[in-house]
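Below, each value reflects all heavy atoms present in this structure, side chains not excepted, and no hydrogens, waters or symmetry copies.
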Amino acid sequence: MTDLTTKAIHAGYDRADNARAASVPIYASAAFDLENAARGRALAAGELDGFEYSRVANPTVDVLERRLAALEGGVGAVAVSSGMAAVSYALMCAGERGGRIIASRNLYGASVDALDDFLPGFGIDADVVDDINDLAHVESLIGPDTRAIYTETVANPGTEIADIEALADLAHRHGIALIVDNTVPTPYLLRPIEFGADIVVHSTTKGITGHGNAIGGAIIDAGRFDWANGRFPQFTRPQQVIADADGTPRSFAGAFGREAFIRRVRIKYLRTFGAVQSPFNAYLTLVGLETLPERVSRQVATATKIARHLTHVPHVLKVNYSGLGNTPQYELAAKYLPNGVGQILSFLVDGDVSNVRRILDGTTLFSYVPNIGDARSLIVDPANITHREVPDAVRRAAGVTGNLIRLSIGLEDADDLIADLDQAIAAAY
Ligand SMILES: Cc1ncc(COP(=O)(O)O)c(C=O)c1O
């Protein structure tokens, strides 16, 4: 099974273990029979693959985890209850016990808030940069406490592209990890692990599930990073929860080697904070994944057509869509995203906030919702909705001004969508 389209339908599922059900069953069971004391201990210590309690692992969720790991090219994945749980767990798992994270400024609003305002309260600090591809600047910020570089592979809403391979090389030269949020392109368009990323996070709520019907997230581990290199005390400290058979505590790096990160996410973060994905949501996400290639390829074609059209529409000052090939990031787009940069684009309009409101209210096919990656086309004003927790100056620096409108392109006919936007923009002035 090598092709992504095949993996999206088959990876991680064995009918022989599931009453030969053709479609992945929903295991609505909180707990599972441990069978005997020895097996119970080994399961709890993470030594055996299997199920004990659905806060830590569940067979339906497990299929999703294996499928996402296969799609991204990782050694393991943990599915969680939202994209923000995935972002928070990944950043905390890398940064815990006094670490610093170097992050790009143009992140999703709640991620900016987490790094600027919330995680410092837990002893994890951020060094935020305007341009994550300014490697000299990023390198100058790497200090003894730096644990990771964090960026979105394609930023929301500006679609700026991160130079993953260069960032991974830089990070690895200094013994720190590269963590990326790959929500916007989805693994259909970009697989960051192939370019050296160590940890990939997703809001599966978006393009992966693809129908706007299930909140979820995932963390995928490339399984290559050496967490015992001296920078990450949390991975080398012996811990009771993974004690061996005679009760001697082990460290995550000692017990799990290159899989230490994803094991720690499951055994410490899921077990303690408990933002577990429900089997029902995992099922919806598995159904959505089956059509990921078909959906995203069509959405990219429509998004490109709409972005091109908008560049000629009166009152549209600027269109942000790296896929147009007219941005300074042309070469990055060609290298990392040859099949397109994704379903979202944004555009700046002239006038004031009342014009923006009229455009939002004037569309009839676009739903005004704070989501992306749905089968339906969506419209939103990020400054007021998705990025409202970001301080004004930071938001402006990331290009998210009051006159910016974001679109997430669905599966409707491209010309119908263009006609809807045209009439809404014309009527707004
Ligand atoms: C790039 C990105 N990452 C993470 C998230 C958070 O995901 P969720 O809403 O599933 O928590 C979002 C949500 O919009 C997002 O756009």
message: Could you tell me if Asp420 and Thr364 have a donor-acceptor pair between their side chains, going purely by distance under 3.5 Å?
response: yes
- request: Please lay out, stage by stage, how Arg298 and Leu411 fare under the test side chain to side chain contact (heavy atoms under 4.5 Å, CB included).
  value: CA-CA 7 Å; Arg298 181 179 160 95; Leu411 296 172; 3.9 Å; yes
Side-chain heavy atoms of Leu417 within contact of Ile409, under 4.5 Å: yes
message: I want to check something: taking the side chain as every heavy atom from C-beta on, are Ile242 and Phe256 in contact at a cut-off of under 4.5 Å?
response: yes
query: Distance-only, no hydrogens or angles: does the Arg406 side chain make a donor-acceptor pair with backbone N or O of Ser346 under 3.5 Å?
result: no
Audit row: Arg66, Asp62, salt bridge (charged side-chain N to carboxylate O under 4.0 Å, His left out) steps and yes/no: CA-CA 6 Å; Arg66 288 174 193 275; Asp62 179 68; 2.9 Å; yes
query: How many angstroms lie between CD1 in Ile26 and CG in Asn281, if you round to the nearest 0.5 Å?
result: 9.5 Å
Parallel, tilted or perpendicular: ring planes of Tyr89 versus Phe273, cut at 30 and 60 degrees: tilted
- prompt: So, Arg358 side chain and Ala428 main chain: donor-acceptor pair closer than 3.5 Å or not?
  reply: yes
query: Around atom OH of Tyr330, are there more than 12 heavy atoms of other residues, nucleotides or ligands at under 6.0 Å?
result: no
field: Ile102 and its side-chain contact (heavy atoms from CB on, under 4.5 Å) partner, picked from Thr151, Val138, Val128
entry: Val138
field: is_close_aromatic(Phe232, Phe225), centroid dist under 6.0 Å
entry: yes
- prompt: Looking at Ile219, Ile199, Ile267, Ile220, which one forms a side-chain contact (heavy atoms from CB on, under 4.5 Å) with Ile262?
  reply: Ile219
Under 3.5 Å: donor-acceptor pair, side chain of Asn58, backbone of Tyr27: yes
message: Looking at Asp392 and Arg396, is any side-chain nitrogen of the basic one under 4.0 Å from a carboxylate oxygen of the acidic one?
response: yes
- prompt: Roughly how far apart are Ser408 OG and Leu345 CG, rounded to 0.5 Å?
  reply: 9.0 Å
task: Flag yes if more than 12 heavy atoms outside Arg97 fall under 6.0 Å of its CZ atom; otherwise flag no.
output: no
message: Does any part of the side chain of Ser88, heavy atoms only, come nearer than 4.5 Å to the side chain of Phe118, both counted from C-beta?
response: no
From Ile215 atom CD1 to Leu284 atom CG, the distance as rounded to the nearest 0.5 Å: 12.0 Å
message: Minimum heavy-atom separation for Ala57 and Phe32, please, with both atom names.
response: O-CE1, 4.2 Å
Thr159 vs Val184, side chain to side chain contact (heavy atoms under 4.5 Å, CB included): CA-CA, chis, key distance, verdict: CA-CA 8 Å; Thr159 77; Val184 169; 5.6 Å; no
message: Let me confirm one number: the CD1-CZ distance from Ile405 to Phe347, rounded to the nearest 0.5 Å.
response: 4.0 Å
- prompt: Sequence neighbours excluded, which residues qualify as salt bridge (Lys or Arg N to Asp or Glu O under 4.0 Å) partners of Arg308?
  reply: none
- request: Say whether, by atom type as modelled, one donor and one acceptor occur between the side chain of Glu412 and the main chain of Arg376 under 3.5 angstrom.
  value: no
message: Do Asp221 and Arg263 make a side-chain contact, defined as non-hydrogen atoms from C-beta onward lying under 4.5 Å apart?
response: no
message: For a quick test of reading the model, state the closest non-hydrogen atom pair linking Val349 to Asn403 and the distance between them.
response: O-ND2, 2.9 Å
- prompt: Donor-acceptor pair, Asp413 side chain versus Asp416 backbone, under 3.5 Å?
  reply: yes
message: Any side-chain to backbone donor/acceptor pair from Ser297 onto Glu294? Under 3.5 Å, distance only.
response: yes
query: Quick one: are Glu139 and His174 in side-chain contact, heavy atoms under 4.5 Å?
result: yes
field: Expected output: side-chain Ser377 to main-chain Gly410 donor-acceptor under 3.5 Å
entry: yes
- line: Heavy atoms of Phe366 and Leu378 approach each other most closely as CD2-O, 3.5 Å
- request: Side-chain contact test, heavy atoms from C-beta onward, threshold under 4.5 Å: evaluate it for Arg191 versus Leu4 and give yes or no.
  value: yes
query: Taking atom types as modelled and ignoring hydrogens, do the side chains of Asn384 and Asp381 form a donor-acceptor contact shorter than 3.5 angstrom?
result: yes
query: Is there side-chain contact between Cys93 and Lys268, with at least one heavy-atom pair below 4.5 Å?
result: no
field: Residue pair Thr204, Leu289: steps toward the side chain to side chain contact (heavy atoms under 4.5 Å, CB included) verdict
entry: CA-CA 10 Å; Thr204 57; Leu289 265 180; over 6 Å; no
- request: Could you tell me whether Asp130 and Arg105 have a side-chain N and a carboxylate O separated by less than 4.0 Å?
  value: yes
Arg271/Glu52 salt bridge by N-O under 4.0 Å criterion: yes
message: Taking Ala177's backbone N and O only, do any of them form a donor-acceptor pair with Arg147's side chain (distance below 3.5 Å, no angle check)?
response: no
- request: Provide the closest heavy-atom pair for Val296 versus Thr186 in the form atom of the first, atom of the second, distance.
  value: CG2-OG1, 4.2 Å
field: Phe280, CZ: over 12 other non-hydrogen atoms inside 6.0 angstrom
entry: no
- line: With Pro185 as partner, the option from Ile344, Leu190, Val300, Asn339 fulfilling side-chain contact (heavy atoms from CB on, under 4.5 Å) is Leu190
Tyr336 and Asp163: CA distance, side-chain angles, deciding distance, side chain to side chain contact (heavy atoms under 4.5 Å, CB included) verdict: CA-CA 8 Å; Tyr336 292 112; Asp163 192 351; 2.6 Å; yes
- request: Please determine if Arg264 forms a cation-pi arrangement with Phe235, meaning its NZ or CZ atom is less than 6.0 Å from the six-membered ring centre and no more than 45° off the ring axis.
  value: yes
Contact summary for Gly340 and Leu189, nearest pair of heavy atoms: O-CD1, 3.4 Å
query: When rounded to the nearest 0.5 angstrom, what distance separates CD1 in Ile208 from OG1 in Thr285?
result: 8.0 Å
message: What I'd like to find out is whether the side chain of Leu360 reaches to under 4.5 Å of the side chain of Val356, using heavy atoms alone.
response: yes
Crowding at NZ, Lys335 (>12 non-hydrogen neighbours, <6.0 Å): yes
field: Atom pair CG/CG of Asn355 and Asp350 - distance to nearest 0.5 Å
entry: 7.0 Å
statement: Glu47 meets the salt bridge (Lys or Arg N to Asp or Glu O under 4.0 Å) criterion, sequence neighbours left out, with Arg41, Arg250
- prompt: Can you check whether Gly207's main-chain N or O pairs, donor with acceptor, with Arg295's side chain at less than 3.5 Å?
  reply: yes
message: Checking the side chain of Gln299 only, and the main-chain atoms of Asp374 only, is there a donor and an acceptor separated by less than 3.5 Å?
response: yes
- line: On a heavy-atom basis, the closest approach of Tyr283 and Val24 is CD1-O, 3.4 Å
